[in-house]
Enquirer: 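Mind looking over this structure? Questions follow.
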Amino acid sequence: MLSDFKSELSRLLADRIETLFGVEYEPIVEVPPRRELGDLAYPAALHLARILKRNPRAIAEELAADFPSPVFVRDLRVEGAGYLNFFLDRGLVAGQLLSEPLIQPEAGAGDRIVLEHTNINPNKAAHIGHLRNAVLGDVLSKVLRALGHTVEVENYIDDTGVQLADVVVGFIDLRKMTLEAVAALPEPFDYYCWDLYAEVGRWYEEDPQNQELRRQTLRELEHGSGPRAEMGRLISRRVVSRHLATMRRLAIAYDLLTHEGAVLGLDFFSEAFEQLKSAGSVHLEDDGKNAGCWVMPLSESEEFAGLEDPDKVIVRSDGTVTYVGKDIAYQLWKFGLLDKDFQYRFWRAEDIWETTVDGEPEHPSFGQADRVINVIDIRQSYLQKIVKAGLEALDYDEQARQSIHFAYEMVTLSPATARQFGFLEDDSEEAAGNLEMSGRKGIGVKADDLIDQLEAKSREEISLRNREMSPEALDILAHQIAIAALRFFMVKATTNRVIAFDLDEALSFEGDSGPYLQYSAVRALNISRRLGEAGLPTQVSPAEVAALPPEVWADDLWDLILAVALIPQKTEAAGDTLELSLLARHALELAQKFHAIYHKHPILQEQDVAVRSARLATMQVFVEGLTVLSDLLGLPLPDRM
RNA sequence: GCGGCUGUAGCUCAGCUGGAUAGAGCUGGGGCUUCCUAAGCCCUGAGUCGGGGGUUCGAGUCCUCCCAGCCGCACCA
């Protein structure tokens with residue numbers, strides 16, 4: 001693998017620098033901007049120039065002279081200001097890529113990771129902002145698993161919160177509906193709730209007195225008993241079921257649903273609270289604005305320096321627990337630091353385990369993580385820091401370090417799309433910027449609507465070029481293309497950038513898009529099929545590849561092979577930095593190179609066997625690389641388009 | 001006020017721990033289908049990298065000060 005080649009070269013270079021100059025140096029390797037400059041570039045001489053006070057070019061020449069090049073190095077040159085550039089044996093690298101799996105994690109090296117994502121309030125339909133969370137979380141789970149970690153994916157359901165309470169109020173007090181009537185409402189239930197939730201918001205505004213009903217409902221939800229709690233359970237159940245169905249459309253699944261109701265019902269907090277108290281991390285405030293509250297001081301942590309209020313309330317003066325308190329308890333459970341465990345029940349209809357207060361005796365084991373990753377939007381950074389500070393306060397320093405907030409920016413609506421959906425009154429506000437989505441106001445593009453539109457668009461495109469497809473095949477293909485378009489759209493954006501969602505852009509299947517990647521794979525498949533039909537070999541073996549004469553490896557082919565060789569490093573980088581867009585962009589790069597080769601280096605018509613073999617081998621390497629990346633990104637590769 | 005993020009081509013964005021001529025996609029213009037599907041490819045146009053100063057042999061990248069925009073800083077989640 002390329003990384004092996006790299007590390008061997010780096011080691012040889014470090015040795016040489018040590019013997020020649022007596023300097024300890026950790027070589028850095030780069031990829032030259034243009035292929036003719038080389039395959040791997042070491043700027044070592046440029047770095048050494050300062051230490052040795054010598055001309056970098058002269059240093060490079062000295063390093064290059066009599067360099068003990070291994071067999072896979074074809075040439076070594078000094079370029080530019082003093083770069084040491086290596087040219088590799090192309091056939092050797094290509095053969096290697098075809099002979100072993102691209103990504104091979106070391107056995108037993110993986111961590112046990114609890115990864116929490118999606119976490120949609122169970123009171124309304126999922127919107128495109130939630131999709132960003134779910135897709136990022138899902139891709140991360142695949143990346144971490146590929147790197148050898150054991151990943152448990154949890155979806156946290158806040159079934160005792162204000163948002164659910166509001167919809168309960170909507171059904172009981174605004175609509176005056178019974179449990180039976182609500183149970184009998186037709187699907188899509190989450191769409192119904194979407195509108196009702198917004199309506200309740202307006203109702204509160206009309207008469208703030210109505211908010212008393214919210215408080216009463218919230219108390220009942222937290223307590224878990226009474227007609228309002230029962231209504232809450234029904235709503236939450238039906239809405240979560242819809243969310244799971246939406247996510248299933250995108251091939252996103254979970255190992256465990258964790259319910260806030262269970263965290264409360266099993267009183268996780270009381271034990272966490274005892275830990276916090278005996279560690280002296282919280283104290284009862286006896287005067288000031290937080291009088292009567294248990295607070296956690298944050299002033300000692302430099303992270304919170306300059307904060308106006310250096311204390312965080314954990315237990316309110318009325319004795320109830322804040323969100324942060326619950327979250328610290330939950331985080332402790334994830335690490336196995338709480339003496340309590342959930343009860344578990346298998347939700348058969350949804351084929352998933354969930355937490356409860358009275359569960360089944362037999363169940364898999366959950367939690368006990370080495371590392372915890374919470375996929376939550378960036379606005380929650382402050383709260384996630386407090387949870388971390390809570391672990392630190394309990395001297396769980398290692399777990400605090402392993403508490404990772406995977407933060408990503410918001411999804412807003414572009415002015416054009418906001419207008420299209422009627423969220424901007426008229427076009428008088430020409431200069432209107434992006435519109436923030438708001439469940440409370442009913443502003444947003446629902447996930448299922450978007451997927452429906454993407455499928456419709458796919459069908460349209462397919463029918464333009466493929467008239468004789470069966471309806472079943474059409475359904476499957478349209479769906480594959482739609483989810484690739486959507487998933488790719490969400491992953492290609494860097495996490496710290498706000499996505500201004502534009503429907504037309506999302507529906508574009510050209511250029512930087514999932515379908516573009518799929519199309520490149522379809523083309524490769526077609527070539528294999530046509531080769532077979534023509535009675536020509538459809539595969540080249542690694543041994544044949546290594547034996548090909550060097551001149552058959554045109555630069556275009558080699559570029560693509562090198563790009564595939566870089567996939568393991570890109571994957572590691574994505575896992576380390578949580579910047580998953582690296583993978584999306586790298587996949588694009590592969591597809592772009594392949595499409596170009598497709599036009600420039602035809603395989604089927606090529607008469608020269610060696611040349612054809614090299615092209616075919618490159619295609620095999622490409623398919624291998626694209627398959628790996630598509631699996632990581634969760635993009636299905638259809639067999640035709 | 002304190003903290004975080006963002007500012008690169010007409011639009012949407014890449015740019016890896018400072019390094020070789022700042023790159024894609026879309027849009028505009030022009031080409032390419034008797035030859036592996038044109039959801040593609042090729043050509044073409046367009047940039048004071050928000051602004052000033054600094055560090056460096058070398059700055060889109062690091063430091064500092066401004067300017068503009070977005071987001072956090074509850075006994076809400």
Side-chain angles (χ1 to χ4, degrees), chain A residues 28 30-34 37 41 43 46-47 49-50 55-56 79-83 85 121 158 161-163 218 260 289-295 303-309 312-318 320-324 326-327 377-383 407 409-410 412 414 433-434 436 458 461-462 464-466 481 485 492-494 496-500 502 504-505 508-520 522-531 534 569-570 573 577 579 581-582 585 588-589 591-592 595-600 602-606 619 640-641:
Chain A
I28 291 168
E30 295 171 4
V31 178
R34 295 186 309 284
L37 290 172
L46 282 84
H47 298 159
R50 192 172 312 180
N55 179 343
E79 295 279 357
Y83 282 95
N85 289 5
N121 269 296
D158 184 2
V162 194
Q163 294 210 23
L218 200 51
E260 181 155 293
K289 70 183 181 68
N290 291 336
C293 300
W294 285 85
V295 302
E303 285 240 62
F304 300 100
L307 217 58
E308 212 170 298
D309 182 359
K312 185 69 196 174
V313 173
I314 302 296
V315 179
R316 302 182 188 101
S317 51
D318 66 1
T320 58
V321 185
T322 60
Y323 163 78
V324 180
K326 285 180 271 191
D327 225 35
D377 77 63
I378 195 162
R379 295 180 304 188
Q380 308 260 12
S381 297
Y382 167 70
L383 289 161
E409 265 289 357
M410 309 304 298
T412 62
S414 77
N434 299 322
E436 193 181 343
S458 304
E461 295 288 332
I462 296 162
L464 284 177
R465 46 207 114 200
N466 219 326
I481 293 170
K492 80 170 176 187
T494 45
N496 56 4
R497 192 173 280 280
V498 176
I499 294 180
D502 187 84
D504 292 337
E505 190 195 340
S508 160
F509 293 169
E510 288 164 17
D512 291 351
S513 73
Y516 177 89
L517 297 181
Q518 293 179 311
Y519 189 55
S520 67
V522 165
R523 284 183 140 177
L525 265 175
N526 273 336
I527 295 174
S528 295
R529 189 172 46 79
R530 296 289 295 267
L531 281 170
Q569 282 148 280
K570 294 280 178 185
T577 63
E579 189 50 84
S581 62
L582 285 176
R585 292 188 185 281
L588 269 183
E589 208 176 307
Q592 276 168 356
H595 275 306
I597 290 171
Y598 178 89
H599 287 274
K600 238 169 112 183
I603 295 176
L604 205 54
Q605 298 80 3
E606 180 55 49
M619 192 187 89
R640 58 172 165 166
M641 279 176 81

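Numbered from 1 within each chain, the chains take letters A, B, ... in sequence-line order. Treat the numbers as computed from the prediction; the structure is a model and nothing was measured.
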Enquirer: Checking all strands, does A:R529 fall into the base, sugar-phosphate, or nothing category for heavy-atom contacts under 4.0 angstrom?
Expert: nothing
Enquirer: Is there a Watson-Crick or G-U wobble partner for B:U37 with both distances under 3.5 Å, and if so, which one is it?
Expert: none
Enquirer: Kindly indicate whether the side chain of A:N290 and the base of B:A74 share any N or O donor-acceptor pair separated by less than 3.5 Å?
Expert: no
Enquirer: Please determine whether any donor N or O and acceptor N or O are separated by less than 3.5 Å between the side chain of A:R640 and the base of B:U37.
Expert: no
Enquirer: Look at all strands and tell whether A:Q592 reaches a base, only sugar-phosphate, or nothing, counting heavy atoms closer than 4.0 Å.
Expert: sugar-phosphate
Enquirer: To the nearest Å, give me how far apart CD (A:E461) and P (B:A39) are.
Expert: 8 Å
Enquirer: Paired with B:A22 by Watson-Crick or G-U wobble geometry, both distances under 3.5 Å: which nucleotide is it?
Expert: none
Enquirer: Taking the same atom, P, in B:G28 and in B:C71, what whole-Å distance lies between them?
Expert: 33 Å
Enquirer: What's the closest nucleotide to the A:A41 side chain, out of B:A20, B:G72, B:A77?
Expert: B:A20
Enquirer: Applying the Watson-Crick and G-U wobble criteria at under 3.5 Å, what pairs with B:G3? Answer none if nothing qualifies.
Expert: B:C71
Enquirer: With the threshold set at 4.0 Å, does a side-chain nitrogen-carboxylate oxygen contact exist between A:R379 and A:E436?
Expert: yes
Enquirer: Mind checking the P distance from B:U61 to B:U6? Whole angstroms is fine.
Expert: 13 Å
Enquirer: Round to the nearest Å and state the distance from A:E510 atom CD to B:C26 atom P.
Expert: 7 Å
Enquirer: Categorize A:P43 for me: base, sugar-phosphate, or nothing, with a 4.0 angstrom heavy-atom threshold over every strand shown.
Expert: nothing
Enquirer: On RNA chain B, nearest-nucleotide positions of A:V324 versus A:E409: which is more 5'?
Expert: A:E409
Enquirer: With rounding to the closest Å, how many angstrom separate the P atoms on B:U37 and B:G47?
Expert: 40 Å
Enquirer: Scan A:A291 against the nucleic acid and name what it touches under 4.0 Å (heavy atoms): base, sugar-phosphate only, or nothing.
Expert: base
Enquirer: Output the single nucleotide from B:C42, B:A20, B:C36 whose closest atom is nearest the side chain of A:Y598.
Expert: B:C36
Enquirer: Below the 4.0 Å mark, does B:C36 have OP1 or OP2 next to a side-chain nitrogen or oxygen of A:N526?
Expert: no
Enquirer: P atom, B:G50 versus B:G10: distance in rounded Å?
Expert: 13 Å
Enquirer: What is the distance, to the nearest angstrom, from the CD1 atom on A:I603 to the P atom on B:C35?
Expert: 17 Å
Enquirer: Think A:R497 has a side-chain N or O under 4.0 angstrom from the OP1 or OP2 of B:G7?
Expert: yes
Enquirer: Measure the distance from CG on A:L46 to C1' on B:A20 and round it to the nearest whole Å.
Expert: 9 Å
Enquirer: Using a distance-only criterion (donor-acceptor N/O pair, under 3.5 Å, no hydrogens), is the base of B:C75 paired with the side chain of A:T322?
Expert: no
Enquirer: Calculate the interatomic distance between A:R523 atom CZ and B:C36 atom P; express it in whole Å.
Expert: 10 Å
Enquirer: What nucleotide, of B:A39, B:A20, B:A24, holds the atom closest to the side chain of A:D512?
Expert: B:A24
Enquirer: Side-chain N or O of A:Y516 less than 4.0 angstrom from OP1 or OP2 on B:C41?
Expert: yes
Enquirer: Work out which heavy atom in A:N434 is nearest to a heavy atom in A:S414; give both atom names and the distance.
Expert: OD1-CA, 3.7 Å
Enquirer: Of the nucleotides B:C41, B:U37, B:C13, which one has an atom closest to the side chain of A:H595?
Expert: B:C41
Enquirer: For a quick test of reading the model, state the closest non-hydrogen atom pair linking A:Q518 to A:I481 and the distance between them.
Expert: OE1-CA, 3.5 Å
Enquirer: Could you check which of B:A77, B:U37, B:C75 has an atom nearest any side-chain atom of A:C293?
Expert: B:C75
Enquirer: What's the gap between B:C66 and B:A22 when it is taken at their C1' atoms, as a whole Å value?
Expert: 25 Å
Enquirer: What's A:L531 touching, base or sugar-phosphate or nothing? Going by heavy atoms closer than 4.0 Å.
Expert: nothing
Enquirer: Tell me which nucleotide among B:C75, B:A77, B:G40 gets nearest to the side chain of A:K289.
Expert: B:C75
Enquirer: Give one of base, sugar-phosphate or nothing for A:L464, where a contact means two heavy atoms less than 4.0 Å apart.
Expert: nothing
Enquirer: Could you check whether A:L588 gets within reach of a base, just the sugar-phosphate, or nothing at all, counting any heavy atom under 4.0 Å?
Expert: nothing
Enquirer: Rounding to an integer number of Å, can you tell me how far A:H47 NE2 sits from B:C57 C1'?
Expert: 12 Å
Enquirer: In whole Å, what separates the P atom of B:C49 from that of B:C5?
Expert: 23 Å
Enquirer: Closer than 4.0 Å, any side-chain N/O of A:N496 to the OP1 or OP2 of B:U6?
Expert: yes
Enquirer: Nearest-Å distance, CG (A:L517) to C1' (B:A24)?
Expert: 14 Å
Enquirer: Using the closest heavy atom to pick a nucleotide of RNA chain B for each, name whichever of A:V315 or A:V31 lands nearer the 5' end.
Expert: A:V31
Enquirer: Which part of the nucleic acid, if any, lies within contact of A:A500, taking any heavy atom under 4.0 Å across all strands shown: a base, the sugar-phosphate backbone alone, or nothing?
Expert: nothing
Enquirer: Side chain of A:M641 only, please: which of B:A39, B:C36, B:G40 is the nearest?
Expert: B:A39
Enquirer: Over all strands shown, is A:E505 touching base, sugar-phosphate only, or nothing at heavy-atom distances under 4.0 angstrom?
Expert: sugar-phosphate
Enquirer: With sequence neighbours left out, write down each residue that passes side-chain hydrogen bond (donor to acceptor under 3.5 Å, both in side chains) with A:E461, or none if nothing qualifies.
Expert: A:R465
Enquirer: Could you check whether A:E579 and A:S581, counting side-chain N and O atoms only, form a donor-acceptor pair closer than 3.5 Å?
Expert: yes
Enquirer: If pairing requires Watson-Crick or G-U wobble contacts with both distances under 3.5 Å, which nucleotide is the partner of B:G28?
Expert: B:U44
Enquirer: Once you round it to whole Å, what is the distance between C1' of B:C35 and NZ of A:K600?
Expert: 18 Å
Enquirer: Distance check, P atoms only: B:A46 and B:A24, in whole angstrom units.
Expert: 15 Å
Enquirer: When you measure from the side chain of A:Y382, which nucleotide among B:A77, B:C75, B:G72 comes out closest?
Expert: B:G72
Enquirer: Which whole number of Å gives the distance between the C1' atom of B:C35 and that of B:C26?
Expert: 30 Å
Enquirer: Please tell me if A:R530 has a side-chain N or O lying less than 4.0 Å from either OP1 or OP2 of B:U37.
Expert: yes
Enquirer: Looking only at side-chain atoms of A:P32, point me to the closest of B:G40, B:A20, B:A74.
Expert: B:A20
Enquirer: Under a 3.5 Å cut-off for both distances, is B:C16 Watson-Crick or wobble paired, and to whom?
Expert: none
Enquirer: Any base atoms under 4.0 Å from A:E436, or only sugar-phosphate, or nothing? Heavy atoms, all strands.
Expert: sugar-phosphate
Enquirer: Check every strand shown and say whether A:D377 touches a base, only sugar-phosphate, or nothing at a heavy-atom separation below 4.0 Å.
Expert: nothing
Enquirer: Looking at A:E409, is its backbone amide N or carbonyl O close enough to the side chain of A:D377 to form a donor-acceptor pair, meaning the two atoms are under 3.5 Å apart?
Expert: no
Enquirer: Could you tell me whether the phosphate oxygens of B:A77, OP1 or OP2, come under 4.0 Å of any side-chain nitrogen or oxygen in A:Y323?
Expert: no
Enquirer: Over all strands shown, is A:L582 touching base, sugar-phosphate only, or nothing at heavy-atom distances under 4.0 angstrom?
Expert: nothing
Enquirer: Between the main-chain N or O of A:I314 and the side-chain N or O of A:T322, is there a donor-acceptor pair closer than 3.5 Å?
Expert: yes
Enquirer: Can you find a side-chain donor-acceptor pair between A:R523 and A:N526 that sits under 3.5 Å?
Expert: no
Enquirer: Of all the choices, B:A77, B:A38, B:A20, which nucleotide is nearest to the side chain of A:L383 once you look at every atom?
Expert: B:A77
Enquirer: Would you say A:R640's side chain and A:V522's backbone share a donor-acceptor pair under 3.5 angstrom?
Expert: no
